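Remarks on the structure that follows.
Since the model is a prediction, treat every value here as computed from it, not as a measurement. Both backbone and side-chain heavy atoms feed into the values below; hydrogens, waters and symmetry mates do not.
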Amino acid sequence: MSFPLLTATAALPAIGAIATAAVPAARRTAAKWLALIFSLATLVLAGVALARFEPGGARYQLTESHAWIKDFGVRYELGVDGIGVALMALTALLIPFVILAGWHDADPLETKSSRWRPTQGFFALILMVEAMVILSFEATDVFLFYILFEAMLIPMYFLIGGFGDRAHTGSDENAAAQRSYAAVKFLLYNLVGGLIMLAAVIGLYVVAGTFSLSEIAEARANGSLSMATGTERWLFLGFFFAFAVKAPLWPLHTWLPNAMGEATSPVAVLITAVVDKVGTFAMLRFCLQLFPEASKWATPVIIVLALISIVYGALLAVGQRDIKRLIAYASISHFGFIILGIFAMTSQGQSGATLYMVNHGISTAALMLVAGFLITRRGSRLIADYGGVQKVAPILAGTFLIGGLATLSLPGLAPFVSEFLVLVGAFSAYPAAGIIATTGIVLAALYVLVLYQRTMTGPVKAEVQGMADLKVRELVVVLPLIALLLFLGVYPKPLTEIVNPAVQHTMSDVQKKDPQPEVEAAK
């Protein structure tokens, strides 16, 4: 029996979570180092899985299959395609930076009115989220995926509600109330989506008699499985609704600004750069693969919703006074681009969408973590409380600028490649949608550059006069992310080679081909 690499990659952070939680309360530093070691070991295993993956090989590789709940046909089935292995590697890459950035975020507070902050629990919850997200990218059994899709909400709820941002303008009681509201809203929105998905999962089993993706695909291929048009559309809507909440897609997005605003900056990165990617990933793996005809039927409406997300999120980002909420609304706009690329149903659009998932994770992590370092120093999330930071902390300002430029998809940085491909794919299939989507680029330049101007340039405000520049630990967090943004911006080939074969499989599932350009004959 070969080594179960995918299981090990997901099990290692889960074991690390248990070990970290078991560290005695007085040994907080030991718990931090233990969590970091387990996250780095997980990154090594994810790197091995990435190295062993053969882009030109079978669709799902490194597969594992074991009986789980025999009476209901549920199996423990794992396998990764190019999209899954890329997002698994992204998750494993970001978690060590999240842990390092949040090194002191769960230390006990000095004020008597504040609740005790269990350091061990904070890092254990992060590792548990990592385990569940990685396993969700590997799951090829629909029921197994559903369990993970729902279970990851619990540790995220405690991370948002129990470890909020300390830079809160109100009283301790008001801060606790805001955290509780954000956490409950996050949980309720996603639970409602999950419950609707559960009904669709049961319906799929009734129709197909199995939860296995490979068995359903084989049944479709040999003609032994056929769904009535109405049945397929209802099942598609059940799955898509849950994924649209997680993504998040307008108008199901309202939980995200609250959650990111009230969470610590590392947890905000965990939300938008890691957990939310499960929603867009699942659209590719489950919606398009299981319900190809319904996916094509729903495409016009989904493209309209994606365009609204792009423009609406960018417009609200322009008007924000809170740094973290600005980044949250920018992410809503970016997820609109990802969903537009997926449902443009072109190879360029879907390749761009997958690259966007990876590149958005890196760029948002870089920007949000630097913003977190800035907010920790000043003790405020309000843009108006800053000014002239580049004169007292030039390295902090410089890294903040690079993260912002990546967010607006500046050529030469990784998100540009993915956004360009999404727009090319959208233009070729739906020219009007491509034109509208480009407004998001203009608005992104506006909110990023205005944010930088108001916080980093101009006269030095008295409150930031003694602000310290980035320290060694913070540089270790930020510089590798910036290096990745530069590398993938000028040489995305290693990533596209992994992703493109999986995209071709998805295009085959929905029986779509790229539209051919119309060239007028020369007269």
Side-chain angles (χ1 to χ4, degrees), residues 1-20 34-68 74-99 126-149 151-152 211-215 217 274-275 277-278 281-282 284-286 289 354 357-358 361 484 494-503 505-506:
M1 181 176 179
S2 60
F3 179 71
L5 182 57
L6 296 186
T7 294
T9 306
L12 195 58
I15 295 169
I18 297 171
T20 301
L34 188 63
L36 180 60
I37 290 169
F38 270 96
S39 68
L40 290 173
T42 303
L43 177 58
V44 171
L45 284 183
V48 172
L50 191 62
R52 289 184 57 185
F53 184 82
E54 299 178 5
R59 179 171 190 174
Y60 294 111
Q61 300 179 33
L62 308 175
T63 56
E64 303 173 32
S65 181
H66 308 282
W68 183 18
V74 180
R75 298 186 63 81
Y76 176 80
E77 283 192 349
L78 306 181
V80 287
D81 59 2
I83 300 169
V85 77
L87 292 174
M88 180 184 73
L90 171 70
T91 302
L93 172 71
L94 291 180
I95 296 302
F97 298 123
V98 166
I99 290 173
I126 290 174
L127 289 175
M128 190 56 68
V129 171
E130 178 184 22
M132 293 178 181
V133 170
I134 287 177
L135 202 56
S136 69
F137 291 139
E138 300 171 347
T140 56
D141 182 278
V142 177
F143 190 81
L144 173 61
F145 174 84
Y146 171 76
I147 294 296
L148 298 164
F149 187 83
M152 67 180 69
F211 293 111
S212 171
L213 275 179
S214 58
E215 291 179 6
V274 177
V275 172
K277 298 300 187 299
V278 176
F281 162 79
L284 281 165
R285 172 165 284 188
F286 296 102
Q289 186 173 346
T354 305
M357 289 186 236
V358 176
L484 268 176
L495 193 53
T496 57
E497 285 184 339
I498 293 172
V499 165
N500 286 342
V503 167
H505 283 297
T506 304

Determine the minimum heavy-atom distance between [X] and [Y], stating which atoms define it.
X: Ile99; Y: Ala35; result: CD1-O, 3.6 Å
X: Thr496; Y: Pro501; result: O-CD, 4.5 Å
X: Gly82; Y: Val85; result: O-CG1, 3.4 Å
X: Leu62; Y: Leu5; result: CD1-CD2, 4.2 Å
X: Glu130; Y: Ala92; result: OE2-CA, 3.6 Å
X: Leu213; Y: Tyr60; result: CD1-OH, 4.0 Å

Could you give the distance from [atom1] ([X]) to [atom2] ([Y]), rounded to the nearest 0.5 Å?
X: Ile18; Y: Met128; atom1: CD1; atom2: CE; answer: 5.5 Å
X: Leu12; Y: Ile134; atom1: CG; atom2: CD1; answer: 9.0 Å
X: Met88; Y: Leu6; atom1: CE; atom2: CG; answer: 6.0 Å
X: Ile83; Y: Thr354; atom1: CD1; atom2: OG1; answer: 4.0 Å

Subject >> Residue pairs, two or more places apart or on separate chains, that pass side-chain hydrogen bond (donor to acceptor under 3.5 Å, both in side chains) and touch residues 4-20 >> reply: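 Found Thr7-Glu64, Thr7-Tyr76.
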**OP:** Could you list all the salt bridge (Lys or Arg N to Asp or Glu O under 4.0 Å) pairs where at least one residue sits in residues 74-90, not counting sequence neighbours?
**Re:** Arg75-Glu77, Asp81-Arg285
Subject >> side-chain contact (heavy atoms from CB on, under 4.5 Å) between Val98 and Val274, intermediate numbers included >> reply: CA-CA 11 Å; Val98 166; Val274 177; 5.9 Å; no
**OP:** May I ask you to decide if the ring planes of Phe137 and Phe281 are parallel, tilted or perpendicular, using 30° and 60° as cut-offs?
**Re:** perpendicular
Original post:
For Phe211, which residues count as a ring pair (Phe, Tyr, Trp, His ring centres under 6.0 Å) partner, sequence neighbours excluded?
Top reply: Phe143, Tyr205
Original post:
Checking side-chain contact (heavy atoms from CB on, under 4.5 Å) for the pair Leu90/Met357: CA distance, chi angles, key distance, verdict?
Top reply: CA-CA 9 Å; Leu90 171 70; Met357 289 186 236; 5.8 Å; no
Subject >> N/O donor-acceptor pair under 3.5 Å between Gln61 side chain and Glu54 backbone >> reply: yes
Just so I know, are the side chains of [X] and [Y] near enough to count as touching, which here means a heavy-atom distance under 4.5 Å?
X: Asp141; Y: Glu215; result: no
X: Leu36; Y: Pro96; result: yes
X: Pro13; Y: Phe38; result: no
X: Val278; Y: Leu148; result: no
X: Thr42; Y: Leu127; result: no

**OP:** Check the pair Leu135, Leu78 against side-chain contact (heavy atoms from CB on, under 4.5 Å), reporting the backbone distance first and the verdict last.
**Re:** CA-CA 8 Å; Leu135 202 56; Leu78 306 181; 3.8 Å; yes
Subject >> side-chain contact (heavy atoms from CB on, under 4.5 Å) between Val129 and Met132, worked out >> reply: CA-CA 5 Å; Val129 171; Met132 293 178 181; 6.0 Å; no
